[in-house]
Amino acid sequence: MHTDDLESSANFIQNIIEKDLNTLKFDGRVHTRFPPEPNGYLHIGHAKSICLNFGLASKYSGKCNLRFDDTNPSKEEEEYVQSIMEDVRWLGFDWEDRVYYSSEYFSQLYEYAVRLIKKGKAYVDSLSAEQIREYRGTLTELGRNSPHRDRPVEENVDLFARMRAGEFAEGERVLRAKIDMGSRNLNLRDPVLYRVLKATHHRTGNNWCIYPMYDFTHGQSDSLERITHSICTLEFEDHRPLYDWFLKELDIYRPQQIEFARLNLNYTILSKRKLLQLVEEKHVNGWNDPRMPTLSGMRRRGYPPNAIRDFCERIGVAKSNSTVDFALLEHCVREDLNKTSSRVMAVIRPLKVVIENYPEDQVEELTAENNPQDSASGSRKIPFSKVLYIERDDFMEDPPKKFFRLGPDREVRLKYAYIIKCERVIKDEKTGEVVELRCTYDPDTKSGSSMGGRKVKGTLHWLSAAHACRAEMRLYNHLFLKENPADEKECPDLGASVNRDSLEVVRTGFIEPFLKDASKGDRFQFLRLGYFCVDNENSSYDFPVFNRTVTLRDTWAKVSKKST
RNA sequence: UGGGGCGUCGUCAAGUGGCUAAGACACAGGAUUUUGAUUCCUGCAUUCGGAGGUUCGAGUCCUCCCGCCCCAGCCA
């Protein structure tokens with residue numbers, strides 16, 4: 001009934017679309033496209049664009065195409081095409097039968113170029129790259145015409161055909177639009193349309209040795225696909241006059257380009273170039289390293305696609321450059337996981353506890369709730385016995401007043417079990433390290449009973465030592481400590497800025513026995529520790545590996561930090 | 001110094017001349033709690049980059065100023 005209350009307010013692109021719908025500008029159609037270049041893996045910034053384009057199409061009963069913008073064979077690979085499709089699907093979007101490649105349009109684009117040449121609106125230039133740069137002028141100085149600008153049409157037609165036939169080496173000839181070398185907009189100073197590239201294309205092989213530039217490809221591809229709203233990022237604002245110029249000169253269907261601000265996230269980088277650098281210099285273990293802001297990394301880390309979509313919805317769409325707080329992403333992840341994950345017990349850094357007054361060979365099956373947020377999730381049995389493991393952090397020999405976990409002579413409840421009291425602390429004689437706690441339990445305080453009318457402040461998670469299984473836990477923190485690692489002044493050396501504690505591998509962990517049977521990717525809440533998922537690459541039955549997706553909110557950590 | 005954009009709470013972000021400037025995250029208090037989790041309350045911009053002006057009325061219109069981002073690839 002009040003679903004409107006839950007929807008976020010309309011963004012400026014929706015306003016434009018609604019206006020266009022009212023004026024029937026595109027016959028009341030909405031048709032968008034997500035146009036990645038297959039030269040890297042998708043990251044959370046792309047997710048914003050994916051959610052925007054597919055979301056708009058769905059909201060207005062339109063369509064959204066997936067289109068690979070593959071006009072630069074020297075950087076693009078099939079591997080990236082596959083990963084991109086997997087990621088878009090994982091995020092929950094469906095392009096149905098509409099997956100396209102700019103390279104499918106190479107013949108059409110070639111024909112468009114010839115058309116422009118014949119119209120006297122394009123010419124083949126023989127200047128070198130450096131010369132073209134010099135002739136282009138600068139931000140404040142206008143450009144100069146190339147000496148080849150006024151070649152006769154017939155000669156241009158012939159030269160372009162010979163470029164296509166492979167008669168020229170890379171850099172020897174380019175096709176340029178004849179627009180205005182005196183334009184204040186650099187993009188209009190006779191932009192290059194085609195360059196010679198003797199590279200093998202991942203889809204067209206060696207059919208072509210000339211390749212169209214982005215500007216000459218994107219708008220026409222949009223046009224061919226009858227796109228209505230071509231949504232791109234802010235840096236293409238200056239290209240819009242060029243986008244429109246081609247469509248007008250070619251006299252073909254004209255979509256509308258709209259620009260929005262790309263996503264920035266603090267404590268991370270969202271530049272494909274820099275992410276590639278992290279991978280190539282081995283600062284991370286590949287594109288799907290759970291510390292990476294790539295969708296494959298987040299998937300492996302355990303982020304639910306729902307949470308990412310929710311995040312993209314919440315951050316909004318606008319034109320001002322902005323940096324979103326990473327905490328919002330984590331909030332979305334926790335919110336989803338809180339509703340959906342089973343609670344289980346696991347111990348990362350075990351400390352042995354012996355219940356001195358508990359019968360030697362007794363094992364009790366205690367009842368544990370699977371998810372208090374979901375009454376349908378039921379319960380399970382967990383074994384309790386004389387020797388247990390608790391978390392090392394849950395014991396302090398000399399605790400501060402506000403610490404309400406275990407300490408000498410203190411009492412805590414063991415979740416689902418009993419109240420225990422720490423009677424003695426056993427230390428390693430040489431190192432002084434605490435190695436074991438001798439405790440007693442109060443049989444009257446069994447979980448679910450009347451508890452003997454007693455209450456204690458702290459509740460700990462635990463595992464029966466005889467039943468627990470070993471597991472590896474991978475604990476992740478921000479990949480960068482600096483809030484803005486994208487800033488080259490702040491972080492001139494990207495590799496040196498990587499947080500050395502961004503990954504902590506703990507091989508001493510223990511889990512409830514049934515967790516060995518969990519499938520790769522399964523998500524759980526490890527009680528009081530955080531959300532974890534089974535690693536989708538390295539986990540095995542004999543030695544399960546869990547990735548920490550995100551910690552639980554930890555008020556105590558804040559309090560204790562403040563007091564030190 | 002040319003062109004194109006953008007400036008509303010710590011961070012995002014609504015607001016399209018007229019009720020006391022939405023909401024979210026963060027933060028701070030408090031309640032409940034066998035997860036220091038969750039949940040629930042409460043607080044958090046007398047002011048919209050600045051200065052003038054128009055108007056009965058301006059975050060919204062005008063002028064000037066200031067700050068930030070993008071553009072000089074045969075990358076996208």
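Numbered from 1 within each chain, the chains take letters A, B, ... in sequence-line order.
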For A/R380, salt bridge (Lys or Arg N to Asp or Glu O under 4.0 Å) partners two or more places apart: A/E512
Sugar-phosphate only, base, or nothing, as touched by A/R133 at under 4.0 Å among non-hydrogen atoms: sugar-phosphate
Short side-chain N/O contact from A/R195 to OP1 or OP2 of B/C75, under 4.0 Å: yes
Residues in salt bridge (Lys or Arg N to Asp or Glu O under 4.0 Å) contact with A/E235, at least two apart in sequence or another chain: A/R262
A/Q373 and A/N371 side chains, donor-acceptor separation under 3.5 Å: no
Contact under 4.0 Å: A/T555 side-chain N or O vs B/A37 OP1/OP2: yes
B/G7 pairs with, by Watson-Crick or G-U criteria that keep both distances under 3.5 Å: B/C66
Qualifying salt bridge (Lys or Arg N to Asp or Glu O under 4.0 Å) pairs with a residue from residues 183-202 of chain A, counting only residues at least two apart or across chains: A/R149-A/D190
Distance-only donor-acceptor test (3.5 Å): side chain A/T459, base B/U35: no
P-based separation of B/G4 from B/C74 [nearest Å]: 22 Å
Rounded C1' spacing from B/A58 to B/U46 in Å: 16 Å
Mutual orientation of the aromatic rings belonging to A/F236 and A/H239 [parallel < 30°, tilted 30-60°, perpendicular > 60°]: perpendicular
Lys/Arg-Asp/Glu bridge criterion (N-O < 4.0 Å) met for A/R528, A/E391: no
Sugar-phosphate only, base, or nothing, as touched by A/L529 at under 4.0 Å among non-hydrogen atoms: nothing
Test of ring centre spacing under 6.0 Å for A/Y80 and A/F68: no
Sugar-phosphate, base or nothing in reach of A/K319, heavy atoms under 4.0 Å: sugar-phosphate
Sugar-phosphate only, base, or nothing, as touched by A/H239 at under 4.0 Å among non-hydrogen atoms: base
Single hit among A/L388, A/L366, A/V353 for side-chain contact (heavy atoms from CB on, under 4.5 Å) with A/L414: A/L388
Atom-to-atom span, CZ of A/F326 to C1' of B/C12 - whole angstrom: 15 Å
N or O in side chain of A/R314 less than 4.0 angstrom from B/C12 OP1/OP2: no
Nucleotide paired to B/G18 in any strand shown, Watson-Crick or G-U, under 3.5 Å: B/C56
Cation-aromatic face contact A/R164/A/Y110, 6.0 Å, 45 degrees: yes
Interatomic distance at C1', B/C48 relative to B/G17, whole Å: 15 Å
Listed partners of A/T323 passing side chain to side chain contact (heavy atoms under 4.5 Å, CB included), at least two apart: A/N264, A/N266
Spacing of the C1' atoms in B/A45 and B/A21 (rounded, Å): 8 Å
Under the salt bridge (Lys or Arg N to Asp or Glu O under 4.0 Å) test, residues paired with A/E167 that sit two or more places apart: A/R162
Contact residues, residues 366-376 of chain A to RNA chain B [heavy atom, < 4.0 Å]: A/P372, A/Q373
Touch class at under 4.0 angstrom, heavy-atom based, for A/S322 against every strand present: sugar-phosphate
Touch class at under 4.0 angstrom, heavy-atom based, for A/S128 against every strand present: base
Sugar-phosphate, base or nothing in reach of A/K402, heavy atoms under 4.0 Å: base
Sugar-phosphate only, base, or nothing, as touched by A/F403 at under 4.0 Å among non-hydrogen atoms: base
Sugar-phosphate, base or nothing in reach of A/R343, heavy atoms under 4.0 Å: base
Complementary nucleotide of B/G43, counting Watson-Crick and G-U pairs under 3.5 Å: B/C27
Complementary nucleotide of B/C74, counting Watson-Crick and G-U pairs under 3.5 Å: none
Check ion pair A/R343-A/E369 (N to O, under 4.0 angstrom): no
Nearest-angstrom distance, P atom, B/C19 to B/A13: 24 Å
Proximity to RNA chain B (any heavy atom under 4.0 Å), residues of residues 174-190 of chain A only: A/V174, A/R184, A/L186
Provide a list of protein-nucleic acid N or O atom pairs under 3.5 angstrom, restricted to nucleotides 28-30 of chain B.
| from | atom 1 | to | atom 2 | distance (Å) |
| --- | --- | --- | --- | --- |
| B/A28 | OP1 | A/K562 | NZ | 3.4 |

Complement of B/C48, any strand, by Watson-Crick or G-U distances under 3.5 angstrom: none
Integer-rounded Å distance: B/G5 P and A/R262 CZ: 18 Å
Any residue of residues 32-43 of chain A with a heavy atom less than 4.0 Å from an atom of RNA chain B: A/E37
Between B/C62 and B/A24 - P atom distance, rounded Å: 33 Å
Provide a list of protein-nucleic acid N or O atom pairs under 3.5 angstrom, restricted to nucleotides 68-70 of chain B.
| from | atom 1 | to | atom 2 | distance (Å) |
| --- | --- | --- | --- | --- |
| B/C69 | O2' | A/N321 | ND2 | 3.1 |

Enumerate the protein-to-nucleotides 14-18 of chain B contacts in which both atoms are nitrogen or oxygen and the separation is below 3.5 Å.
| from | atom 1 | to | atom 2 | distance (Å) |
| --- | --- | --- | --- | --- |
| B/A14 | OP1 | A/V317 | O | 3.4 |
| B/U16 | O4 | A/N15 | ND2 | 2.6 |

Pairs of donor and acceptor atoms involving the side chains of residues 137-148 of chain A, under 3.5 Å and at least two apart or interchain, shall be tabulated with distances.
| from | atom 1 | to | atom 2 | distance (Å) |
| --- | --- | --- | --- | --- |
| A/T138 | OG1 | A/T140 | N | 3.2 |
| A/T138 | OG1 | A/E141 | N | 3.0 |
| A/S146 | OG | A/D125 | OD1 | 2.9 |
| A/S146 | OG | A/D125 | OD2 | 3.1 |
| A/S146 | OG | A/H148 | N | 3.1 |

A/R67 to A/Y100, cation-pi by 6.0 Å centre distance and 45° axis angle: no
Electrostatic pair A/D554-A/K558, nearest N-O below 4.0 angstrom: no
Touch class at under 4.0 angstrom, heavy-atom based, for A/L527 against every strand present: base
Sugar-phosphate only, base, or nothing, as touched by A/T71 at under 4.0 Å among non-hydrogen atoms: sugar-phosphate
Verify stack between A/Y214 ring and B/A76 base, 5.5 Å, 30 degrees: no
Whole-angstrom distance between B/C56 and B/G49, as gauged at atom P: 25 Å
Touch class at under 4.0 angstrom, heavy-atom based, for A/Y416 against every strand present: base
Electrostatic pair A/R405-A/D393, nearest N-O below 4.0 angstrom: no
Distance-only donor-acceptor test, A/R528 side-chain atoms vs B/U35 base atoms, 3.5 Å: no
Qualifying residue, where the test is side-chain contact (heavy atoms from CB on, under 4.5 Å) with A/R413 and the options are A/D442, A/I420, A/I419, A/L460: A/I419
Touch class at under 4.0 angstrom, heavy-atom based, for A/E330 against every strand present: nothing
salt_bridge(A/R553, A/E330) N-O dist < 4.0 Å: no
